[in-house]
Amino acid sequence: MPELNLILFGPPGAGKGTQAERLERDFQLPFISTGDMLRGNVKNETDLGKKAKQFMDAGDLVPDDLIVAMAGERLQHKDAQDGFILDGFPRTLEQAGALDKQLSGVGRRVTAALLIDVPDDDVIRRLSGRRMCVKSGHNYHVEFDPPKHEGVCDQDGSRLVQRDDDKPEVIENRLKVYHEQTEPLVEHYDEQGLMRRIDGTRPAAEVNDHIRAVIATLRLEEDV
Ligand code: ADP
Ligand code: ADP
């Protein structure tokens, strides 16, 4: 079986986490979210968490050296040796270069970058209605994906909260940061022929079908 080293990217609120959770189930690949890893560090008050918090609260990117070290270490774990789905990394050209270098150092490469494309207006609607389970980070939406009981996670009964960085003033900055620092990655992966675009405005199940079709094609191409 050829290995699938996938990057999921797109603006904040595009549905990366929602899709990654489904793909992890469907393809048995580890789902590595730098946002989740950072929130874990903040919660546990680690040194990294203390350094990252101020950037996250403002909707700014955490400095590249911290992220590259954290993600690089995670990718060396055994479960990531036969493939992975990265969510939220790389987010700058410098991070993309570091990832390419780490992978090529061990004879591996990125298989494809999947861009979940959603316009700014939808992003704002999605982020302002997003609710997250305090325990395991499952995402809901007050309108598009409401839990069975308001304010309670369907999967583990924990409380649902609004993330601090999903407040309107921070959302605006996160979008700006995305356009300025992360969008240049589209060209980076386009040049390598690795970019696949997905219309993220469709309902989550349709987005999932599209991504699965793209991955099935990639598998066939890798087999040839
Ligand atoms: P979203 O899912 O809304 O796109 P994330 O959960 O991925 O957001 O990230 C939350 C915050 O964590 C970001 O706003 C940023 O401060 C920080 N972060 C996550 N991944 C990275 C990264 N690769 N580089 C720099 N900062 C990051
Ligand atoms: P990201 O990880 O890219 O920041 P999430 O997966 O957390 O995005 O999704 C952001 C919000 O939008 C969540 O509240 C989620 O329930 C909702 N959402 C995700 N995908 C869709 C979709 N296709 N249509 C409508 N809402 C969606």
Side-chain angles (χ1 to χ4, degrees), residues 1-37 64 67-68 70-119 122-123 126 139 178-179 181-224:
M1 184 73 76
E3 97 185 22
L4 285 180
N5 302 325
L6 301 176
I7 296 171
L8 265 190
F9 87 104
K16 300 180 295 293
T18 302
Q19 295 302 327
E21 209 171 293
R22 293 166 184 238
L23 294 173
E24 187 185 28
R25 243 181 357 236
D26 296 343
F27 292 95
Q28 273 139 34
L29 291 170
F31 158 46
I32 300 173
S33 156
T34 44
D36 284 348
M37 290 172 79
D64 285 332
I67 293 291
V68 166
M70 180 184 81
E73 194 274 329
R74 176 65 185 85
L75 286 172
Q76 287 172 24
H77 289 198
K78 198 161 174 291
D79 67 345
Q81 299 317 302
D82 297 326
F84 50 75
I85 305 172
L86 279 174
D87 165 17
F89 177 85
R91 245 168 157 114
T92 62
L93 284 171
E94 181 150 350
Q95 293 178 18
L99 174 65
D100 290 345
K101 198 163 153 214
Q102 177 174 355
L103 291 177
S104 65
V106 289
R108 300 174 70 185
R109 63 181 177 82
V110 170
T111 314
L114 313 181
L115 168 66
I116 305 185
D117 215 358
V118 174
D122 291 83
V123 161
R126 288 188 186 180
N139 287 310
Y178 173 75
H179 291 305
Q181 303 192 50
T182 307
E183 235 171 11
L185 293 184
V186 173
E187 209 180 314
H188 174 82
Y189 290 113
D190 245 343
E191 278 167 2
Q192 300 179 42
L194 298 180
M195 179 57 66
R196 302 288 185 277
R197 287 179 173 75
I198 316 277
D199 178 2
T201 63
R202 313 294 306 161
E206 277 181 42
V207 177
N208 184 248
D209 287 344
H210 189 176
I211 296 180
R212 289 163 57 102
V214 169
I215 293 180
T217 309
L218 286 169
R219 277 217 160 125
L220 287 175
E221 288 168 2
E222 292 289 304
D223 263 337
V224 175

Legend entry - Inter-residue atom distance Lys16.NZ - Leu115.CG, 0.5 Å rounding: 9.5 Å
Show me, pair by pair, the donor-acceptor contacts under 3.5 angstrom made by side chains of residues 27-34, not counting sequence neighbours?
unit_1	atom_1	unit_2	atom_2	d
Ser33	OG	Gly35	N	3.4
Ser33	OG	Asp36	N	2.9
Thr34	OG1	Gly88	O	3.0

Legend entry - Neighbour count above 12 (heavy atom, 6.0 Å) for Gln181 CD: yes
Legend entry - Shortest non-hydrogen contact between Pro12 and Tyr178, atoms and distance: CD-CB, 3.9 Å
Inset, instruction - Answer with yes or no whether the side chains of Asp122 and Thr201 bring together a donor and an acceptor at under 3.5 Å. - result: no
Inset, instruction - Check each of Thr18, Asn139, Val118 against Arg126 using the side chain to side chain contact (heavy atoms under 4.5 Å, CB included) test, and report the only one that passes. - result: Val118
Inset, instruction - Taking all non-hydrogen atoms of both residues into account, name the closest pair between Phe89 and Ile7 and its distance. - result: O-CG2, 3.8 Å
Inset, instruction - Look at atom CG of Asp82 and say whether more than 12 heavy atoms of other residues, nucleotides or ligands are closer to it than 6.0 Å. - result: no
Legend entry - Verdict with reasoning, Leu4 to Arg219, per side chain to side chain contact (heavy atoms under 4.5 Å, CB included): CA-CA 8 Å; Leu4 285 180; Arg219 277 217 160 125; 3.7 Å; yes
Inset, instruction - Among residues two or more places apart or on two chains, list those pairs meeting side-chain hydrogen bond (donor to acceptor under 3.5 Å, both in side chains) that have a residue in residues 96-105. - result: Asp100-His188
Inset, instruction - List the steps, then state whether side chain to side chain contact (heavy atoms under 4.5 Å, CB included) holds for Phe9 with Val186. - result: CA-CA 9 Å; Phe9 87 104; Val186 173; 3.8 Å; yes
Legend entry - Side-chain heavy-atom pair Arg196, Leu218 within 4.5 angstrom cut-off: yes
Inset, instruction - Heavy atoms only: give me the nearest Gln81-Gln76 pair and the separation to one decimal. - result: NE2-O, 3.2 Å
Inset, instruction - Decide, yes or no, whether a salt bridge links Arg22 with Asp209 under the criterion of side-chain N to carboxylate O below 4.0 Å. - result: no
Inset, instruction - Measure across Ala96 and Leu185 and return the closest heavy-atom pair with its distance rounded to 0.1 Å. - result: CB-CD2, 3.7 Å
Legend entry - Pairwise distance CG(Asp199) to CG(Asp117) - rounded to 0.5 angstrom: 7.5 Å
Legend entry - Any Arg197 side-chain heavy atom under 4.5 Å of Asp190 side chain: yes
Inset, instruction - Answer yes or no: does atom CD of Glu187 have more than 12 heavy-atom neighbours from other residues, nucleotides or ligands under 6.0 Å? - result: no
Legend entry - Closest heavy-atom pair and its distance - Thr111, Leu194: O-CD2, 3.4 Å
Inset, instruction - Step by step, work out the side chain to side chain contact (heavy atoms under 4.5 Å, CB included) result for Arg202 and His210. - result: CA-CA 10 Å; Arg202 313 294 306 161; His210 189 176; over 6 Å; no
Legend entry - Gln95 side-chain N/O to Arg91 backbone N/O, donor-acceptor pair under 3.5 Å: yes
Legend entry - Leu75 side chain near Leu99 side chain, heavy-atom distance below 4.5 Å: yes
Legend entry - Pairwise side-chain contact, Leu6 with Leu23, heavy-atom cut-off 4.5 Å (strictly under): no
Inset, instruction - First locate atom CD1 of Ile67, then atom CE of Met37, and finally report the distance between them rounded to the nearest 0.5 Å. - result: 8.5 Å
Inset, instruction - Decide yes or no on side chain to side chain contact (heavy atoms under 4.5 Å, CB included) for Ile116 and Ile211, but give the supporting numbers first. - result: CA-CA 9 Å; Ile116 305 185; Ile211 296 180; 4.2 Å; yes
Inset, instruction - Starting at CD1 of Ile85, measure out to CG of Leu114 and round the result to the nearest 0.5 Å. - result: 8.5 Å
Inset, instruction - Find the distance between CD (Gln19) and CG (Asp26) and round it off to the nearest 0.5 Å. - result: 9.5 Å
